[in-house]
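Notes for the one structure printed next.
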Protein chains: 2
Amino acid sequence: MSGVNIKMLAEALQLAPSTVSRALNDSHEISEKTKKRVLAMADKMNYQPNPFARSLREHRSKTIAMIIPDLVNNFFSQVIEGVEEITQQFGYHLLVYHTHENVEREKEIVTHLLNGRVDGIMMSVSHQTKETEHLMRVYQKGIPLIFFDRICDSIPTTKFVTNGYESGYEATQHLIEQGCKRIAFLLLSKEISISQQRLRGYTDALKDNGLEKNEDLILMCGKDDHYNHQLIKEFLNGEHRPDGVLAAVEKLAITTYYVAGELKLNMPDDLRLVSFSNMKIADLLNPSLTTISQPTHEFGRQAASLLMNKLTKRNTPDFKDEIVVLPSKLDIRKSSK
Amino acid sequence: MSGVNIKMLAEALQLAPSTVSRALNDSHEISEKTKKRVLAMADKMNYQPNPFARSLREHRSKTIAMIIPDLVNNFFSQVIEGVEEITQQFGYHLLVYHTHENVEREKEIVTHLLNGRVDGIMMSVSHQTKETEHLMRVYQKGIPLIFFDRICDSIPTTKFVTNGYESGYEATQHLIEQGCKRIAFLLLSKEISISQQRLRGYTDALKDNGLEKNEDLILMCGKDDHYNHQLIKEFLNGEHRPDGVLAAVEKLAITTYYVAGELKLNMPDDLRLVSFSNMKIADLLNPSLTTISQPTHEFGRQAASLLMNKLTKRNTPDFKDEIVVLPSKLDIRKSSK
DNA sequence: ATTGAATACGAAATCGATTCCGTGATTAAA
DNA sequence: TTTAATCACGGAATCGATTTCGTATTCAAT
């Protein structure tokens with residue numbers, strides 16, 4: 001049934017379990033000769049240490065958790081790739097949990113991880129998570145915690161974000177330079193926290209270019225695609241329709257494509273579009289989509305590296321309460337040119 | 001540092017640890033009154049059972065592993081979503097490992113999972129994994145193992161695949177009906193195992209329609225995008241260029257779009273294209289892409305359900321050595337119409 | 001020759017939850 | 001009223017690896 005354990009190994013070698021354990025862990029207390037014998041026998045008997053016995057004793061699991069809202073948006077898939085690249089190098093295991101933007105689900109997951117199952121947590125909070133008590137408990141328990149993208153400000157730890165403000169500003173500036181006079185901003189009401197900086201960049205760019213800020217041009221969309229479609233359609237069909245659109249999230253840009261098609265609006269002539277997005281085939285859309293893309297793999301790699309460093313090196317100081325900014329990149333394509 | 005354990009709980013309640021354990025597990029040997037007291041105190045002291053102690057004792061981890069080649073292809077992201085949906089319902093944890101199409105990496109991962117860390121494994125093998133000894137070891141160890149999409153025939157267990165043959169046939173038939181005479185098939189050399197059925201569907205459809213099979217129309221592409229680009233460009237630029245293309249994987253369809261653009265080939269007039277793909281925005285490509293999409297979430301849900309059933313219900317028979325087929329769906333769009 | 005320190009290993013406790021085996025008390029059956 | 005069964009719980013072993021104490025030997029130093 002189960003495999004060989006250290007006791008069986010010890011018996012086969014006519015040694016005590018303690019000696020075998022030390023030999024396997026390359027302790028200086030064991031002679032080279034014995035070490036070789038043990039290693040050889042362990043190999044021969046195909047010995048695999050029991051991870052739970054070890055974790056129980058050592059109070060660490062060599063496992064970290066990644067808690068994310070969703071995967072369908074390929075942003076997080078790409079981040080995971082980056083994370084996994086690092087954790088594998090360190091021999092750590094990666095548990096993945098989805099909150100599906102549900103705060104209650106997030107609480108459950110986080111609470112379940114309070115029992116030591118993981119040595120560290122990387123997470124992106126579910127939209128406007130107001131309550132932070134469950135996160136504070138993780139922090140106070142001393143479990144290394146890192147936020148990325150959707151961060152929680154009130155927890156004093158390191159957070160990785162992208163430069164939403166600058167990107168929003170840059171994208172808006174670009175649209176203005178292309179001659180847009182009425183630039184709209186599309187965002188998901190659920191994503192306020194992350195979209196807010198993008199929105200500020202947008203409004204500041206307008207202001208700096210002497211364009212009036214117009215609340216009517218800021219369109220709050222919801223979760224339902226069909227509803228958004230109607231909303232955007234009315235918006236783009238109105239008398240005072242915008243000549244430029246900056247979408248805070250990819251899915252709203254997609255909907256804009258559909259609506260533009262229905263309304264026979266020609267992009268970029270009738271409407272210029274820029275979107276925050278990590279789509280790989282922006283080039284292939286009709287017209288190709290100007291995007292602001294985040295350094296997803298870098299997100300994963302840097303956050304995971306910081307965590308791995310903390311977990312594997314002795315006397316590492318606690319994470320600084322700071323926000324690390326990884327710049328996004330504006331790729332201008334035909335939808336805005 | 002660490003949390004409260006069952007012994008501390010017992011002390012606070014003036015009970016034996018064994019009694020507390022039984023009360024928490026709702027044993028019939030414990031009176032209702034005591035159970036209530038224990039539950040209340042456990043709640044008050046914020047007791048969280050140690051998962052490693054439990055796993056060590058029970059020889060099960062309530063964790064399963066998902067081993068996949070890659071995530072960038074959103075096929076697997078979507079499957080994971082389906083899996084996670086099920087595992088969460090059962091309170092199971094999900095470990096994710098990527099092989100990056102590297103057989104050696106796959107062996108390492110699989111071998112590491114032989115120690116009981118997971119109760120079950122769901123995997124999609126890295127391309128043409130010829131050696132199956134490492135998989136056989138998992139099977140012989142008695143760890144429930146399920147394959148999906150990229151399966152390993154020689155292991156007698158349940159495998160989930162999609163109907164590549166029928167889809168390949170249907171797509172080819174569709175292209176023929178649209179008037180294509182010279183239909184090409186694009187595949188990745190690394191993906192032979194999975195593309196082979198699609199290829200057979202393609203060739204049979206040609207045969208059944210009285211079209212000659214032409215080896216020159218079957219294009220083996222490689223891993224490098226740039227190389228593929230050149231290859232496809234020469235292919236589509238030749239004198240005997242095809243008037244229809246069936247791409248076995250999405251990335252080759254993407255490259256075809258680029259090449260068609262460069263060569264000023266008009267789709268669908270000069271070239272009709274159909275691709276196996278799970279892209280969500282096929283509608284938005286220029287022209288919109290006709291796809292054969294797999295039921296990804298269903299893949300994840302069904303495979304995970306089968307596994308959960310096996311792990312949580314007593315006396316479940318071993319997985320049958322069978323192949324479950326989940327049909328793909330042809331969505332005809334402008335690239336082929 | 002005696003003391004001191006390495007050297008190389010063994011015995012047993014430990015991590016925290018579960019469970020086998022008892023055992024005193026209460027209740028039901030004879 | 002005696003016997004048997006049931007109830008409700010305690011004690012201790014157990015899962016498998018690590019680690020704290022020991023201890024018997026060897027070797028060098030005084």
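Each chain gets a letter, A, B and so on, in the order the sequences are listed, and its residues count up from 1.
- Remark: P of C:dA17 and NZ of B:Lys62 are 15 Å apart, rounded to the nearest angstrom.
- Residue B:Asn50 has no polar side-chain atom (N or O) positioned under 4.0 Å from OP1 or OP2 of C:dG16.
- Distance, A:Lys7 NZ to C:dG10 P: 15 Å, rounded to whole Å.
- Under the rule for a side-chain contact (heavy atoms from CB on, under 4.5 Å), the partners of A:Lys33 that lie at least two apart in sequence or sit in another chain are A:Ser31.
- Taking a 4.0 Å limit (strictly below) on heavy-atom distances, residues 30-40 of chain B does not reach DNA chain C anywhere.
- Counting to the nearest Å, the C1' atom of C:dG16 and the CD atom of B:Glu58 are 12 Å from each other.
- Residues satisfying the salt bridge (Lys or Arg N to Asp or Glu O under 4.0 Å) criterion with A:Lys107, sequence neighbours excluded, are A:Glu104, A:Glu131.
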Residues B:Asp119, B:Tyr92; criterion side-chain contact (heavy atoms from CB on, under 4.5 Å); working and verdict: CA-CA 10 Å; B:Asp119 299 340; B:Tyr92 269 64; 3.8 Å; yes
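- Between B:Lys159 and B:Asp149 there is no salt bridge, since no side-chain N of the basic residue sits under 4.0 Å from a carboxylate O of the acidic one.
- Annotation: side-chain contact (heavy atoms from CB on, under 4.5 Å) contacts of A:Glu108 (sequence neighbours excluded): A:Arg105.
- Over its length, the helix from C:dA1-D:dT30 to C:dA30-D:dT1 turns its helix axis by 50°, as judged from the five terminal pairs at each end, rounded to 10°.
- Rounded to a whole Å, the NE2 atom of B:His28 is 14 Å from the C1' atom of D:dA5.
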Under 3.5 Å between N/O atoms: give me all the protein pairs with nucleotides 12-14 of chain D, atom names plus distance.
from, atom 1, to, atom 2, distance (Å)
D:dT14, O2, B:Arg57, NH1, 2.7

Considering only distance and modelled atom types, tabulate donor-acceptor pairs under 3.5 Å from the side chains of residues 4-25 of chain A, sequence neighbours left out.
from, atom 1, to, atom 2, distance (Å)
A:Asn5, OD1, A:Lys7, N, 3.0
A:Asn5, OD1, A:Met8, N, 2.9
A:Asn25, ND2, A:Ser21, O, 2.9

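- Which of D:dC15, C:dT19, C:dC9 sits closest to the side chain of B:Ser21 comes down to C:dT19.
- Following rounding to the nearest Å, B:Asp26 (CG) and C:dT19 (P) show an atom-to-atom distance of 14 Å.
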Short N/O separations, protein against nucleotides 21-23 of chain C, under 3.5 angstrom:
none

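- Note on A:Leu24: nothing from the nucleic acid sits closer than 4.0 angstrom, heavy atoms only.
- A sub-4.0 Å separation between OP1 or OP2 of D:dT18 and a side-chain N or O of A:Asn25 is present.
- By the salt bridge (Lys or Arg N to Asp or Glu O under 4.0 Å) test, A:Arg37 is found to be paired with no residue, residues two or more places apart in sequence or in another chain being considered.
- Every residue meeting the side-chain contact (heavy atoms from CB on, under 4.5 Å) condition with B:Thr63, not counting sequence neighbours, appears here in chain and number order: A:Leu95, A:Arg117, B:Ser61, B:His93, B:Leu95, B:Val118.
- Within the 4.5 Å cutoff, side-chain heavy atoms of B:Ile64 are placed close to those of B:Leu94.
- Of the candidates A:Val324, A:Ile86, A:Thr158, A:Leu306 forms a side-chain contact (heavy atoms from CB on, under 4.5 Å) with just one, namely A:Thr158.
- A salt bridge is defined here as a Lys NZ or Arg NE, NH1 or NH2 lying under 4.0 Å from an Asp or Glu carboxylate O, and A:Arg301 with A:Glu84 fails to meet this definition.
- Every residue meeting the ring pair (Phe, Tyr, Trp, His ring centres under 6.0 Å) condition with B:His100, not counting sequence neighbours, appears here in chain and number order: B:His98.
- At whole-Å resolution of the value, CZ in A:Arg117 and C1' in C:dC15 are 16 Å apart.
- In this structure, A:Ile6 places its CD1 atom 15 Å from C1' of C:dC15, rounding to the nearest Å.
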Steps toward side-chain contact (heavy atoms from CB on, under 4.5 Å) verdict (A:Leu311, A:Thr316): CA-CA 8 Å; A:Leu311 295 180; A:Thr316 320; over 6 Å; no
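- When each of D:dA17, C:dG10, C:dT19 is scored by its nearest atom to the side-chain atoms of A:Ala53, the top-ranked nucleotide is D:dA17.
- One finds a side-chain N or O of B:Arg54 lying less than 4.0 angstrom from the OP1 or OP2 phosphate oxygen of C:dT18.
- Taking only side-chain atoms of B:Thr19, from C-beta outward, the nucleotide of D:dA17, D:dT18, D:dC9 with the closest atom is D:dC9.
- The shortest distance between the side-chain N/O atoms of A:Tyr47 and the OP1/OP2 oxygens of D:dA17 is below 4.0 Å.
- With sequence neighbours left out, the side-chain contact (heavy atoms from CB on, under 4.5 Å) criterion links A:Val138 to A:Val110, A:Leu114, A:Ile121, A:Ile143, A:Leu145.
- Computed from coordinates, the B:Leu56 CG to D:dA17 P distance equals 9 Å when rounded to whole Å.
- Looking only at atom types and distance, the side chain of A:Glu106 has no donor-acceptor partner in the side chain of A:Thr99 under 3.5 Å away.
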